[in-house]
Amino acid sequence: MIWHWFKYMDSDPEDLSTDYSNRDSNKGIVNSAFEPYMLLLKEMKIINDNAFELTRYFDDGKNKN
């Protein structure tokens, strides 16, 4: 099982050289000031903590349809 987040950091809303629709969007795990989105990181930790067990579950031949 492999998963990843779309982007590490949000685009800088002050950077007028970026596309307007992309300037103030929330795509990262940190904002443009490198401040983390703690609720998102908390949920990502839950996934990471369970990744091995989930992989083992889905790789077990008994669980295939």
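Just so it is clear, the values below take in all heavy atoms, side chains as well, and ignore hydrogens, waters and symmetry mates.
- Both Phe34 and Met44 are members of a single hydrophobic cluster when ILVMFWY side chains are connected at heavy-atom separations under 4.5 Å.
- Every residue two or more places apart in sequence or in another chain that forms a side chain to side chain contact (heavy atoms under 4.5 Å, CB included) with Phe52 is listed here: Arg56.
- Looking at Tyr37 and Val30, their side chains never come closer than 4.5 Å, going by heavy atoms from C-beta outward.
- A single hydrophobic cluster is seen to contain both Ile29 and Met38, as judged by linkage of ILVMFWY side chains at heavy-atom distances under 4.5 Å, directly or through other members.
- Applying the salt bridge (charged side-chain N to carboxylate O under 4.0 Å, His left out) definition to pairs two or more places apart or across chains, none involves residues 28-43.
- Atom OG of residue Ser11 and atom CG of residue Asn31 lie 11.5 Å apart, to the nearest 0.5 angstrom.
- Take Asp15 and apply the salt bridge (charged side-chain N to carboxylate O under 4.0 Å, His left out) test, not counting sequence neighbours, and it matches no residue.
- In this structure, Ser32 and Asp12 approach most closely via the heavy-atom pair CB-CA, 3.8 Å.
- Criterion: ILVMFWY side-chain heavy atoms under 4.5 Å apart, direct or through other members. Under it, Leu41 and Ile46 are not part of a common hydrophobic cluster.
- Few gaps surround CD on Glu53; more than 12 heavy atoms of other groups in view lie less than 6.0 Å from it.
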